[in-house]
Amino acid sequence: MASLWLRDLIQYRGLLLMIFVLGIGGSFQYGFHISVLNSPSLFIKEFINDTWIHHYSKPMGENSLRILWSFIVSSYCIGGMLGSLWSGYFTSKYGKSECFVCICFMPLLTALLVGCSRTSKSFEMILIGRFLYGINAGFGFNIHSQYAGEIAHKKLRGFTNTSISIFVTIGKLMGQILGLSEILGTKSKWPLLLGLNGMWALVQMVALPFFPESPYLLIERNDKDGCMKALKQLWGDRDHERELEEMMKEQAARKSDQSLTVKGLLEDRSLRWQIYMLIALTIALQLCGVNAIYFYAAVVFEEAKFDFSQIPYLTIGIGVCESSSVILCSLLVDRFGRRVLLLGGYIAMVLSLSLLIATLSLQDTYMWLPYCSVMLIFLYVLSFGTGPGATTMTIIVELFPQEARAAAFVIVGIINWIGLFVIGMVFPLVEATLGPFCFLIFITITAACAVFLYIYLPETKGKSALEIKEDINKDNLRKKNHLEIPKHLSNISVLSTKL
(Lines give C-alpha, C1' and ligand atoms only; values in the text may rest on other atoms or scores of the structure.)
Protein backbone atom coordinates (compact mmCIF):
# COMPACT_ATOMS: atom_id res chain seq x y z
CA MET A 1 0.00 0.00 0.00
CA ALA A 2 2.78 2.43 0.94
CA SER A 3 4.74 1.61 -2.23
CA LEU A 4 1.61 2.17 -4.36
CA TRP A 5 1.02 5.53 -2.70
CA LEU A 6 4.68 6.52 -3.26
CA ARG A 7 4.48 5.48 -6.92
CA ASP A 8 1.38 7.65 -7.45
CA LEU A 9 3.09 10.54 -5.65
CA ILE A 10 6.06 10.37 -8.05
CA GLN A 11 3.93 9.83 -11.17
CA TYR A 12 1.52 12.69 -10.43
CA ARG A 13 4.07 15.09 -8.91
CA GLY A 14 3.31 17.67 -11.62
CA LEU A 15 -0.39 17.54 -10.73
CA LEU A 16 0.33 17.82 -6.99
CA LEU A 17 2.60 20.83 -7.49
CA MET A 18 -0.02 22.54 -9.61
CA ILE A 19 -2.70 21.83 -6.99
CA PHE A 20 -0.53 23.71 -4.47
CA VAL A 21 0.11 26.66 -6.82
CA LEU A 22 -3.60 26.95 -7.68
CA GLY A 23 -4.64 26.67 -4.05
CA ILE A 24 -2.24 29.27 -2.60
CA GLY A 25 -3.65 31.97 -4.88
CA GLY A 26 -7.17 30.58 -5.12
CA SER A 27 -9.40 29.28 -2.34
CA PHE A 28 -6.67 29.84 0.29
CA GLN A 29 -7.09 33.61 -0.10
CA TYR A 30 -10.87 33.23 0.21
CA GLY A 31 -10.53 31.36 3.50
CA PHE A 32 -7.78 33.60 4.86
CA HIS A 33 -9.91 36.74 4.69
CA ILE A 34 -12.92 35.08 6.30
CA SER A 35 -11.03 34.74 9.59
CA VAL A 36 -8.19 37.28 9.49
CA LEU A 37 -10.17 40.21 10.93
CA ASN A 38 -11.39 38.36 14.04
CA SER A 39 -8.35 38.74 16.32
CA PRO A 40 -7.13 42.28 15.46
CA SER A 41 -10.67 43.75 15.25
CA LEU A 42 -10.30 45.71 18.52
CA PHE A 43 -7.03 47.30 17.37
CA ILE A 44 -8.47 48.19 13.95
CA LYS A 45 -11.57 49.76 15.55
CA GLU A 46 -9.29 51.74 17.87
CA PHE A 47 -7.29 52.90 14.82
CA ILE A 48 -10.52 53.97 13.06
CA ASN A 49 -11.58 56.00 16.10
CA ASP A 50 -8.13 57.61 16.46
CA THR A 51 -8.13 58.51 12.77
CA TRP A 52 -11.58 60.05 13.12
CA ILE A 53 -10.34 62.16 16.04
CA HIS A 54 -7.30 63.20 13.99
CA HIS A 55 -9.51 64.39 11.11
CA TYR A 56 -12.52 65.80 12.96
CA SER A 57 -11.20 66.50 16.49
CA LYS A 58 -13.88 64.36 18.13
CA PRO A 59 -14.40 60.62 18.69
CA MET A 60 -16.63 58.56 16.44
CA GLY A 61 -20.00 57.58 17.92
CA GLU A 62 -20.49 53.95 18.95
CA ASN A 63 -23.29 53.36 16.41
CA SER A 64 -21.30 55.03 13.64
CA LEU A 65 -18.28 52.84 14.43
CA ARG A 66 -20.46 49.71 14.39
CA ILE A 67 -21.95 50.66 11.00
CA LEU A 68 -18.52 51.47 9.52
CA TRP A 69 -17.10 48.18 10.81
CA SER A 70 -20.04 46.33 9.22
CA PHE A 71 -19.22 48.04 5.91
CA ILE A 72 -15.56 46.98 6.19
CA VAL A 73 -16.55 43.37 6.87
CA SER A 74 -19.32 43.19 4.27
CA SER A 75 -17.34 44.97 1.51
CA TYR A 76 -15.36 41.72 1.17
CA CYS A 77 -18.58 39.85 0.28
CA ILE A 78 -19.71 42.55 -2.16
CA GLY A 79 -16.34 42.45 -3.92
CA GLY A 80 -16.42 38.65 -3.94
CA MET A 81 -19.81 38.62 -5.64
CA LEU A 82 -18.58 41.00 -8.35
CA GLY A 83 -15.45 38.89 -8.86
CA SER A 84 -17.59 35.76 -9.26
CA LEU A 85 -19.88 37.47 -11.78
CA TRP A 86 -16.94 38.64 -13.93
CA SER A 87 -14.94 35.39 -13.70
CA GLY A 88 -17.11 33.44 -16.15
CA TYR A 89 -16.71 35.97 -18.99
CA PHE A 90 -12.96 36.50 -18.56
CA THR A 91 -12.03 32.81 -18.20
CA SER A 92 -14.06 31.90 -21.29
CA LYS A 93 -12.40 34.65 -23.34
CA TYR A 94 -8.77 34.60 -22.13
CA GLY A 95 -8.26 31.20 -20.47
CA LYS A 96 -7.79 30.30 -16.83
CA SER A 97 -4.02 30.50 -16.59
CA GLU A 98 -3.78 34.00 -18.07
CA CYS A 99 -6.65 35.27 -15.90
CA PHE A 100 -5.07 33.80 -12.77
CA VAL A 101 -1.70 35.44 -13.45
CA CYS A 102 -3.30 38.82 -14.23
CA ILE A 103 -5.54 38.78 -11.15
CA CYS A 104 -2.43 38.26 -8.96
CA PHE A 105 -1.56 41.94 -9.48
CA MET A 106 -4.68 42.99 -7.55
CA PRO A 107 -3.72 41.52 -4.12
CA LEU A 108 -0.15 42.78 -4.60
CA LEU A 109 -1.36 46.37 -5.01
CA THR A 110 -4.04 45.93 -2.36
CA ALA A 111 -1.47 44.64 0.15
CA LEU A 112 0.50 47.88 -0.31
CA LEU A 113 -2.70 49.91 0.08
CA VAL A 114 -3.80 48.18 3.30
CA GLY A 115 -0.27 47.95 4.68
CA CYS A 116 0.15 51.74 4.43
CA SER A 117 -3.26 52.56 5.95
CA ARG A 118 -1.93 53.03 9.49
CA THR A 119 0.98 55.22 8.38
CA SER A 120 -1.36 57.29 6.18
CA LYS A 121 -3.98 57.54 8.95
CA SER A 122 -6.70 56.43 6.53
CA PHE A 123 -9.29 53.80 7.46
CA GLU A 124 -10.78 54.34 3.97
CA MET A 125 -7.79 52.41 2.60
CA ILE A 126 -8.85 49.38 4.67
CA LEU A 127 -12.40 49.61 3.31
CA ILE A 128 -11.20 49.83 -0.29
CA GLY A 129 -8.64 47.08 0.34
CA ARG A 130 -11.25 44.68 1.70
CA PHE A 131 -13.42 45.33 -1.36
CA LEU A 132 -10.51 44.64 -3.74
CA TYR A 133 -9.52 41.53 -1.77
CA GLY A 134 -13.11 40.36 -2.24
CA ILE A 135 -12.92 40.79 -6.01
CA ASN A 136 -9.66 38.82 -6.05
CA ALA A 137 -11.16 36.06 -3.86
CA GLY A 138 -14.29 35.85 -6.05
CA PHE A 139 -12.17 35.49 -9.18
CA GLY A 140 -9.65 33.16 -7.57
CA PHE A 141 -12.15 30.80 -5.96
CA ASN A 142 -14.11 30.32 -9.20
CA ILE A 143 -11.04 29.91 -11.42
CA HIS A 144 -9.40 27.54 -8.93
CA SER A 145 -12.54 25.38 -8.77
CA GLN A 146 -12.81 25.10 -12.56
CA TYR A 147 -9.07 24.63 -13.11
CA ALA A 148 -8.83 21.84 -10.49
CA GLY A 149 -11.66 19.93 -12.15
CA GLU A 150 -10.01 20.16 -15.56
CA ILE A 151 -6.48 19.05 -14.62
CA ALA A 152 -7.61 16.09 -12.49
CA HIS A 153 -6.95 12.52 -13.56
CA LYS A 154 -10.05 10.34 -13.12
CA LYS A 155 -8.15 8.23 -10.59
CA LEU A 156 -7.42 11.30 -8.40
CA ARG A 157 -10.37 13.49 -9.34
CA GLY A 158 -11.92 13.35 -5.89
CA PHE A 159 -8.65 14.29 -4.17
CA THR A 160 -7.90 17.07 -6.67
CA ASN A 161 -11.33 18.65 -6.32
CA THR A 162 -11.39 18.38 -2.53
CA SER A 163 -8.14 20.37 -2.54
CA ILE A 164 -10.40 23.40 -3.13
CA SER A 165 -11.92 22.87 0.32
CA ILE A 166 -8.55 21.94 1.86
CA PHE A 167 -7.09 25.33 0.95
CA VAL A 168 -10.23 27.15 2.18
CA THR A 169 -9.91 25.57 5.62
CA ILE A 170 -6.12 26.00 5.74
CA GLY A 171 -6.61 29.67 4.80
CA LYS A 172 -9.11 30.14 7.64
CA LEU A 173 -6.77 28.37 10.05
CA MET A 174 -3.77 30.45 8.92
CA GLY A 175 -5.79 33.63 9.47
CA GLN A 176 -6.58 32.50 13.02
CA ILE A 177 -3.00 31.49 13.86
CA LEU A 178 -1.29 34.57 12.40
CA GLY A 179 -3.89 36.75 14.09
CA LEU A 180 -2.82 35.64 17.57
CA SER A 181 -1.45 38.38 19.80
CA GLU A 182 1.87 36.51 20.00
CA ILE A 183 2.33 36.76 16.22
CA LEU A 184 0.73 39.54 14.13
CA GLY A 185 -2.51 40.30 15.96
CA THR A 186 -1.07 43.29 17.81
CA LYS A 187 -1.61 47.04 17.78
CA SER A 188 1.49 47.67 15.68
CA LYS A 189 1.54 44.61 13.39
CA TRP A 190 -2.06 44.26 12.15
CA PRO A 191 -1.34 46.17 8.87
CA LEU A 192 1.29 43.52 8.07
CA LEU A 193 -1.28 40.80 8.82
CA LEU A 194 -3.81 42.32 6.39
CA GLY A 195 -1.12 42.74 3.74
CA LEU A 196 0.07 39.12 3.72
CA ASN A 197 -2.16 38.25 0.75
CA GLY A 198 0.38 39.98 -1.45
CA MET A 199 2.94 37.32 -0.56
CA TRP A 200 0.61 34.42 -1.46
CA ALA A 201 -0.24 36.13 -4.77
CA LEU A 202 3.45 36.68 -5.58
CA VAL A 203 4.17 32.96 -5.12
CA GLN A 204 1.41 32.06 -7.55
CA MET A 205 2.30 34.75 -10.09
CA VAL A 206 5.91 33.52 -10.28
CA ALA A 207 5.11 29.77 -10.32
CA LEU A 208 1.96 29.45 -12.46
CA PRO A 209 3.55 30.28 -15.87
CA PHE A 210 5.66 27.11 -15.51
CA PHE A 211 2.48 24.97 -15.58
CA PRO A 212 0.25 24.19 -18.58
CA GLU A 213 -3.09 25.69 -19.50
CA SER A 214 -6.19 23.56 -18.87
CA PRO A 215 -6.07 20.46 -21.15
CA TYR A 216 -9.76 20.98 -21.96
CA LEU A 217 -9.10 24.52 -23.17
CA LEU A 218 -6.32 23.22 -25.43
CA ILE A 219 -8.80 20.69 -26.85
CA GLU A 220 -11.22 23.57 -27.53
CA ARG A 221 -8.44 25.27 -29.50
CA ASN A 222 -7.83 22.02 -31.46
CA ASP A 223 -4.32 21.82 -30.03
CA LYS A 224 -4.14 18.04 -29.60
CA ASP A 225 -0.35 17.97 -29.32
CA GLY A 226 -0.39 20.74 -26.70
CA CYS A 227 -3.03 18.85 -24.76
CA MET A 228 -0.96 15.65 -24.78
CA LYS A 229 2.09 17.61 -23.61
CA ALA A 230 0.04 19.11 -20.77
CA LEU A 231 -1.26 15.69 -19.73
CA LYS A 232 2.27 14.27 -19.60
CA GLN A 233 3.49 17.19 -17.50
CA LEU A 234 0.62 16.75 -15.05
CA TRP A 235 0.04 12.98 -15.02
CA GLY A 236 3.46 11.58 -15.83
CA ASP A 237 5.32 10.67 -19.02
CA ARG A 238 3.24 7.75 -20.26
CA ASP A 239 0.51 7.02 -22.81
CA HIS A 240 -2.63 9.12 -22.25
CA GLU A 241 -4.46 8.30 -25.50
CA ARG A 242 -7.47 6.85 -23.65
CA GLU A 243 -7.92 9.99 -21.53
CA LEU A 244 -7.46 12.17 -24.62
CA GLU A 245 -10.16 10.21 -26.46
CA GLU A 246 -12.58 10.79 -23.57
CA MET A 247 -11.88 14.53 -23.74
CA MET A 248 -12.41 14.52 -27.51
CA LYS A 249 -15.68 12.61 -27.02
CA GLU A 250 -16.91 15.16 -24.49
CA GLN A 251 -15.86 17.97 -26.82
CA ALA A 252 -17.75 16.37 -29.72
CA ALA A 253 -20.89 16.10 -27.58
CA ARG A 254 -20.93 19.85 -26.98
CA LYS A 255 -23.79 21.76 -28.57
CA SER A 256 -21.56 24.77 -29.27
CA ASP A 257 -17.90 25.68 -29.41
CA GLN A 258 -18.64 28.57 -27.04
CA SER A 259 -18.97 28.20 -23.26
CA LEU A 260 -22.46 28.67 -21.89
CA THR A 261 -23.39 31.96 -20.28
CA VAL A 262 -25.38 31.98 -17.04
CA LYS A 263 -28.52 32.78 -19.04
CA GLY A 264 -27.75 29.97 -21.46
CA LEU A 265 -27.18 27.51 -18.61
CA LEU A 266 -30.46 28.43 -16.94
CA GLU A 267 -32.29 27.97 -20.25
CA ASP A 268 -30.67 24.58 -21.01
CA ARG A 269 -33.35 22.04 -20.08
CA SER A 270 -30.89 19.13 -20.28
CA LEU A 271 -29.00 20.58 -17.28
CA ARG A 272 -32.05 21.65 -15.27
CA TRP A 273 -31.66 19.01 -12.54
CA GLN A 274 -27.96 19.67 -12.23
CA ILE A 275 -28.80 23.32 -11.49
CA TYR A 276 -31.31 22.26 -8.82
CA MET A 277 -28.64 20.08 -7.20
CA LEU A 278 -26.07 22.88 -7.41
CA ILE A 279 -28.45 25.24 -5.60
CA ALA A 280 -29.20 22.66 -2.89
CA LEU A 281 -25.52 21.81 -2.41
CA THR A 282 -24.40 25.47 -2.20
CA ILE A 283 -27.22 26.56 0.12
CA ALA A 284 -26.50 23.61 2.42
CA LEU A 285 -22.78 24.48 2.40
CA GLN A 286 -23.27 28.14 3.33
CA LEU A 287 -26.36 27.90 5.56
CA CYS A 288 -25.57 24.69 7.42
CA GLY A 289 -24.32 26.74 10.37
CA VAL A 290 -20.56 26.14 10.30
CA ASN A 291 -19.72 29.87 10.22
CA ALA A 292 -22.28 30.45 12.98
CA ILE A 293 -20.61 27.74 15.07
CA TYR A 294 -17.34 29.71 14.99
CA PHE A 295 -19.26 32.77 16.17
CA TYR A 296 -21.05 30.87 18.96
CA ALA A 297 -18.04 28.81 20.06
CA ALA A 298 -16.60 31.60 22.24
CA VAL A 299 -19.87 31.75 24.22
CA VAL A 300 -19.83 27.99 24.72
CA PHE A 301 -16.20 28.02 25.86
CA GLU A 302 -16.98 30.77 28.37
CA GLU A 303 -19.93 28.79 29.76
CA ALA A 304 -17.60 25.78 30.13
CA LYS A 305 -15.48 27.98 32.46
CA PHE A 306 -12.44 28.11 30.20
CA ASP A 307 -10.13 31.05 30.90
CA PHE A 308 -10.63 34.00 28.53
CA SER A 309 -6.98 33.81 27.42
CA GLN A 310 -7.49 30.17 26.33
CA ILE A 311 -10.50 30.83 24.09
CA PRO A 312 -8.49 31.95 20.98
CA TYR A 313 -6.50 28.72 21.12
CA LEU A 314 -9.67 26.63 21.49
CA THR A 315 -11.08 28.40 18.44
CA ILE A 316 -7.89 27.50 16.58
CA GLY A 317 -8.51 23.93 17.75
CA ILE A 318 -11.83 24.04 15.87
CA GLY A 319 -9.97 25.24 12.77
CA VAL A 320 -7.44 22.41 13.11
CA CYS A 321 -10.31 19.92 13.46
CA GLU A 322 -11.98 21.26 10.30
CA SER A 323 -8.75 21.24 8.27
CA SER A 324 -7.81 17.73 9.42
CA SER A 325 -11.25 16.33 8.64
CA VAL A 326 -11.26 17.85 5.13
CA ILE A 327 -7.81 16.37 4.45
CA LEU A 328 -9.04 13.00 5.76
CA CYS A 329 -12.05 13.19 3.44
CA SER A 330 -9.77 13.95 0.46
CA LEU A 331 -8.02 10.63 1.10
CA LEU A 332 -11.32 8.73 1.39
CA VAL A 333 -13.45 10.32 -1.31
CA ASP A 334 -11.99 8.29 -4.21
CA ARG A 335 -12.43 5.08 -2.23
CA PHE A 336 -15.91 5.45 -0.73
CA GLY A 337 -17.48 7.85 -3.21
CA ARG A 338 -18.99 11.31 -2.84
CA ARG A 339 -22.61 10.53 -2.06
CA VAL A 340 -21.98 8.39 1.05
CA LEU A 341 -19.66 10.95 2.65
CA LEU A 342 -21.93 13.88 1.78
CA LEU A 343 -25.16 12.38 3.12
CA GLY A 344 -23.42 10.83 6.13
CA GLY A 345 -22.02 14.27 6.97
CA TYR A 346 -25.48 15.87 6.74
CA ILE A 347 -26.96 13.28 9.11
CA ALA A 348 -24.17 13.69 11.67
CA MET A 349 -24.43 17.50 11.47
CA VAL A 350 -28.19 17.50 12.07
CA LEU A 351 -27.79 15.16 15.06
CA SER A 352 -24.91 17.23 16.49
CA LEU A 353 -26.80 20.52 16.22
CA SER A 354 -29.96 18.99 17.71
CA LEU A 355 -28.02 17.72 20.73
CA LEU A 356 -26.17 21.04 20.97
CA ILE A 357 -29.47 22.92 21.30
CA ALA A 358 -30.47 20.55 24.12
CA THR A 359 -27.18 20.89 26.02
CA LEU A 360 -27.08 24.69 25.64
CA SER A 361 -30.70 24.99 26.83
CA LEU A 362 -30.07 22.82 29.91
CA GLN A 363 -26.48 23.81 30.70
CA ASP A 364 -27.46 25.48 34.00
CA THR A 365 -29.05 22.24 35.18
CA TYR A 366 -25.90 20.09 35.31
CA MET A 367 -22.30 21.22 35.70
CA TRP A 368 -21.02 18.77 33.08
CA LEU A 369 -23.36 19.83 30.23
CA PRO A 370 -21.18 22.76 29.04
CA TYR A 371 -18.38 20.27 28.38
CA CYS A 372 -20.82 18.19 26.32
CA SER A 373 -21.53 21.34 24.28
CA VAL A 374 -17.83 21.76 23.60
CA MET A 375 -17.54 18.14 22.41
CA LEU A 376 -20.62 18.52 20.20
CA ILE A 377 -19.10 21.60 18.53
CA PHE A 378 -15.99 19.60 17.64
CA LEU A 379 -18.15 16.67 16.48
CA TYR A 380 -20.19 19.00 14.29
CA VAL A 381 -17.09 20.52 12.69
CA LEU A 382 -15.63 17.04 12.13
CA SER A 383 -18.89 15.93 10.44
CA PHE A 384 -18.88 19.03 8.27
CA GLY A 385 -15.25 18.54 7.19
CA THR A 386 -15.61 14.87 6.27
CA GLY A 387 -18.98 15.50 4.60
CA PRO A 388 -20.23 18.56 2.72
CA GLY A 389 -17.20 20.70 3.60
CA ALA A 390 -14.97 18.57 1.36
CA THR A 391 -17.34 16.90 -1.12
CA THR A 392 -19.63 19.75 -2.21
CA MET A 393 -17.23 21.40 -4.66
CA THR A 394 -16.11 18.01 -5.95
CA ILE A 395 -19.67 17.06 -6.83
CA ILE A 396 -20.46 20.44 -8.42
CA VAL A 397 -17.37 20.21 -10.65
CA GLU A 398 -18.36 16.69 -11.75
CA LEU A 399 -22.05 17.44 -12.35
CA PHE A 400 -21.45 19.86 -15.22
CA PRO A 401 -19.77 19.34 -18.61
CA GLN A 402 -16.84 21.51 -19.63
CA GLU A 403 -18.84 24.17 -21.48
CA ALA A 404 -21.18 24.77 -18.51
CA ARG A 405 -18.69 24.88 -15.61
CA ALA A 406 -17.80 28.58 -15.83
CA ALA A 407 -21.48 29.59 -15.72
CA ALA A 408 -22.21 27.03 -12.98
CA PHE A 409 -19.52 28.50 -10.74
CA VAL A 410 -20.84 32.00 -11.30
CA ILE A 411 -24.12 30.76 -9.77
CA VAL A 412 -22.18 29.02 -6.98
CA GLY A 413 -20.30 32.25 -6.32
CA ILE A 414 -23.46 34.36 -6.14
CA ILE A 415 -25.14 32.00 -3.65
CA ASN A 416 -21.92 31.55 -1.71
CA TRP A 417 -21.21 35.26 -1.24
CA ILE A 418 -24.84 36.13 -0.48
CA GLY A 419 -24.88 33.38 2.15
CA LEU A 420 -21.64 34.65 3.69
CA PHE A 421 -23.02 38.21 3.75
CA VAL A 422 -26.32 37.12 5.35
CA ILE A 423 -24.59 35.07 8.05
CA GLY A 424 -22.24 37.93 8.89
CA MET A 425 -24.95 40.58 9.06
CA VAL A 426 -28.06 38.72 10.25
CA PHE A 427 -26.86 35.89 12.50
CA PRO A 428 -25.77 38.09 15.45
CA LEU A 429 -29.29 39.58 15.55
CA VAL A 430 -30.96 36.17 15.24
CA GLU A 431 -28.73 34.72 17.95
CA ALA A 432 -29.52 37.62 20.28
CA THR A 433 -33.26 37.00 19.76
CA LEU A 434 -33.46 33.17 19.76
CA GLY A 435 -30.39 32.14 21.74
CA PRO A 436 -29.37 28.50 21.12
CA PHE A 437 -32.64 27.85 19.26
CA CYS A 438 -31.20 29.83 16.33
CA PHE A 439 -29.58 26.55 15.25
CA LEU A 440 -33.05 25.19 14.40
CA ILE A 441 -32.87 27.31 11.23
CA PHE A 442 -29.67 25.59 10.14
CA ILE A 443 -31.03 22.15 11.05
CA THR A 444 -34.11 22.75 8.87
CA ILE A 445 -32.08 23.96 5.88
CA THR A 446 -29.55 21.12 6.15
CA ALA A 447 -32.22 18.43 6.55
CA ALA A 448 -34.30 19.74 3.62
CA CYS A 449 -31.28 19.84 1.28
CA ALA A 450 -30.14 16.41 2.47
CA VAL A 451 -33.54 14.82 1.68
CA PHE A 452 -33.60 16.41 -1.79
CA LEU A 453 -30.06 15.26 -2.60
CA TYR A 454 -30.73 11.77 -1.22
CA ILE A 455 -33.58 11.40 -3.71
CA TYR A 456 -32.02 12.94 -6.81
CA LEU A 457 -28.21 13.03 -6.55
CA PRO A 458 -26.42 10.07 -8.22
CA GLU A 459 -22.94 8.86 -7.32
CA THR A 460 -20.41 10.75 -9.48
CA LYS A 461 -17.27 8.79 -8.58
CA GLY A 462 -15.29 7.62 -11.62
CA LYS A 463 -17.84 8.94 -14.16
CA SER A 464 -17.50 11.52 -16.89
CA ALA A 465 -19.89 14.46 -17.11
CA LEU A 466 -21.70 12.73 -19.99
CA GLU A 467 -22.19 9.53 -17.95
CA ILE A 468 -23.44 11.53 -14.96
CA LYS A 469 -25.87 13.40 -17.21
CA GLU A 470 -27.21 10.11 -18.58
CA ASP A 471 -27.61 8.72 -15.05
CA ILE A 472 -29.59 11.77 -13.95
CA ASN A 473 -31.86 11.62 -17.01
CA LYS A 474 -32.48 7.87 -16.59
CA ASP A 475 -33.17 8.24 -12.87
CA ASN A 476 -35.60 11.11 -13.39
CA LEU A 477 -37.38 9.23 -16.19
CA ARG A 478 -37.71 6.17 -13.91
CA LYS A 479 -39.17 8.30 -11.10
CA LYS A 480 -41.54 9.99 -13.55
CA ASN A 481 -42.78 6.65 -14.90
CA HIS A 482 -43.16 5.33 -11.37
CA LEU A 483 -45.37 8.27 -10.41
CA GLU A 484 -47.54 8.17 -13.55
CA ILE A 485 -50.92 6.37 -13.33
CA PRO A 486 -50.98 3.29 -15.59
CA LYS A 487 -53.23 3.75 -18.63
CA HIS A 488 -55.60 0.86 -17.80
CA LEU A 489 -56.11 2.16 -14.25
CA SER A 490 -56.74 5.64 -15.63
CA ASN A 491 -59.48 4.25 -17.89
CA ILE A 492 -61.08 2.41 -14.95
CA SER A 493 -61.15 5.61 -12.87
CA VAL A 494 -62.78 7.49 -15.79
CA LEU A 495 -65.47 4.79 -16.19
CA SER A 496 -66.23 4.71 -12.49
CA THR A 497 -66.60 8.49 -12.50
CA LYS A 498 -69.08 8.28 -15.36
CA LEU A 499 -71.07 5.62 -13.53
Side-chain angles (χ1 to χ4, degrees), residues 18-19 21-34 75-110 130-152 161 163-165 167-168 171 197 200-201 204-205 208 211 213-214 216-217 220 258-266 271 274-275 278-279 281-282 285-286 392-394 396-397 399-421:
M18 190 167 185
I19 287 172
V21 172
L22 290 177
I24 201 71
S27 57
F28 177 89
Q29 303 226 28
Y30 165 81
F32 183 78
H33 276 284
I34 288 177
S75 63
Y76 178 64
C77 300
I78 296 168
M81 193 181 303
L82 289 175
S84 294
L85 286 170
W86 296 336
S87 65
Y89 169 78
F90 283 103
T91 54
S92 299
K93 187 170 183 178
Y94 299 108
K96 296 170 182 64
S97 183
E98 290 181 19
C99 282
F100 234 152
V101 172
C102 290
I103 199 65
C104 284
F105 286 100
M106 185 174 288
L108 284 171
L109 296 174
T110 307
R130 286 282 293 177
F131 176 73
L132 294 176
Y133 274 145
I135 292 176
N136 173 67
F139 255 105
F141 186 85
N142 279 21
I143 299 174
H144 179 194
S145 301
Q146 296 171 54
Y147 217 149
E150 293 170 11
I151 63 171
N161 290 331
S163 69
I164 302 164
S165 303
F167 280 98
V168 171
N197 263 38
W200 322 131
Q204 186 182 60
M205 187 171 67
L208 194 57
F211 292 92
E213 180 57 271
S214 162
Y216 280 93
L217 184 61
E220 285 181 28
Q258 299 295 321
S259 296
L260 287 174
T261 62
V262 174
K263 183 174 181 290
L265 176 60
L266 294 174
L271 295 172
Q274 285 90 324
I275 295 172
L278 176 151
I279 293 170
L281 285 163
T282 311
L285 182 67
Q286 267 303 324
T392 296
M393 287 302 159
T394 301
I396 290 173
V397 170
L399 280 176
F400 290 90
Q402 166 66 14
E403 72 270 18
R405 279 189 193 131
F409 273 98
V410 170
I411 298 173
V412 170
I414 292 170
I415 299 172
N416 189 40
W417 289 103
I418 289 175
L420 198 62
F421 179 83

Trainee: If you draw the axis of the six-membered ring of Tyr76, does the NZ or CZ of Arg130 fall within 45° of it and under 6.0 Å from the ring centre?
Mentor: yes
Trainee: Can you check whether Leu82 reaches Phe131 side chain to side chain, under 4.5 Å on heavy atoms?
Mentor: yes
Trainee: Within the 4.5 Å heavy-atom criterion, are Ile143 and Phe90 side-chain neighbours or not?
Mentor: no
Trainee: Can you see which heavy atom on Thr91 is nearest to which on Gly88, and at what distance?
Mentor: OG1-O, 3.2 Å
Trainee: Please report the interatomic distance CD(Glu213) to NZ(Lys96), rounded to the nearest 0.5 Å.
Mentor: 7.0 Å
Trainee: Can you name the closest pair of heavy atoms from Arg405 and Val397 and give their distance?
Mentor: NE-O, 3.0 Å
Trainee: Is there a side-chain contact between Phe28 and Val168, using heavy atoms and a 4.5 Å cut-off?
Mentor: no
Trainee: Is a side-chain donor-acceptor pair under 3.5 Å present for Asn161 with Thr394?
Mentor: no
Trainee: Are the aromatic rings of Trp417 and Phe141 close, with centres under 6.0 Å apart?
Mentor: no
Trainee: With a 3.5 Å distance limit and no angle check, can you tell me whether Ser27 reaches the backbone of Gly23 through a side-chain donor-acceptor pair?
Mentor: no
Trainee: Given Thr261 and Leu266, is the side-chain contact (heavy atoms from CB on, under 4.5 Å) satisfied, shown in steps?
Mentor: CA-CA 9 Å; Thr261 62; Leu266 294 174; over 6 Å; no
Trainee: Atom NE2 of His33 and atom CG of Asn136: how far apart are they, to the nearest 0.5 Å?
Mentor: 8.0 Å
Trainee: Between atom OH of Tyr94 and atom SG of Cys99, what is the distance when rounded to the nearest 0.5 Å?
Mentor: 8.0 Å
Trainee: Decide yes or no for Val410 and Ser84: does some side-chain heavy atom of the first lie under 4.5 Å from some side-chain heavy atom of the second?
Mentor: no
Trainee: Are Asn416 and Tyr30 linked by a side-chain donor-acceptor pair shorter than 3.5 Å?
Mentor: yes
Trainee: Does any part of the side chain of Met393, heavy atoms only, come nearer than 4.5 Å to the side chain of Leu285, both counted from C-beta?
Mentor: yes
Trainee: Do Ile396 and Thr282 touch side chain to side chain, with heavy atoms closer than 4.5 Å?
Mentor: yes
Trainee: Measuring from Leu420:CG to Met81:CE, what's the distance to the nearest 0.5 Å?
Mentor: 9.5 Å
Trainee: Do the ring planes of Phe167 and His144 sit parallel (below 30°), tilted (30 to 60°) or perpendicular (above 60°)?
Mentor: perpendicular
Trainee: Are the side chain of Gln146 and the backbone of Asn142 linked by a donor-acceptor contact shorter than 3.5 Å?
Mentor: yes
Trainee: Once you round to the nearest 0.5 Å, how far does OH of Tyr133 lie from CG of Asn197?
Mentor: 4.5 Å
Trainee: Going through the checks in order, is the side-chain contact (heavy atoms from CB on, under 4.5 Å) test met by Leu108 and Met205?
Mentor: CA-CA 10 Å; Leu108 284 171; Met205 187 171 67; 3.4 Å; yes
Trainee: Dump the intermediate steps for side-chain contact (heavy atoms from CB on, under 4.5 Å) on Ile414 and Ile418, then the final yes or no.
Mentor: CA-CA 6 Å; Ile414 292 170; Ile418 289 175; 3.7 Å; yes
Trainee: Might you point out which heavy atoms bring Ile24 and Val21 nearest each other, and give the distance in Å?
Mentor: CG2-O, 3.3 Å
Trainee: Grab the two heavy atoms, one from Ala201 and one from Pro107, that are nearest each other, plus how far apart they are.
Mentor: CB-CG, 3.3 Å
Trainee: Can you confirm whether Phe400 sits close enough to Leu278 that some side-chain heavy atom of one is under 4.5 Å from a side-chain heavy atom of the other?
Mentor: yes
Trainee: Would you name the heavy atoms of Leu260 and Leu271 that are closest together and state the gap between them?
Mentor: CD1-CD1, 4.2 Å
Trainee: What's the separation between atom CG in Leu22 and atom CG in Leu208, rounded to the nearest 0.5 Å?
Mentor: 6.0 Å
Trainee: Heavy-atom distance under 4.5 Å between the side chains of Tyr147 and Ser97, does that happen here?
Mentor: yes
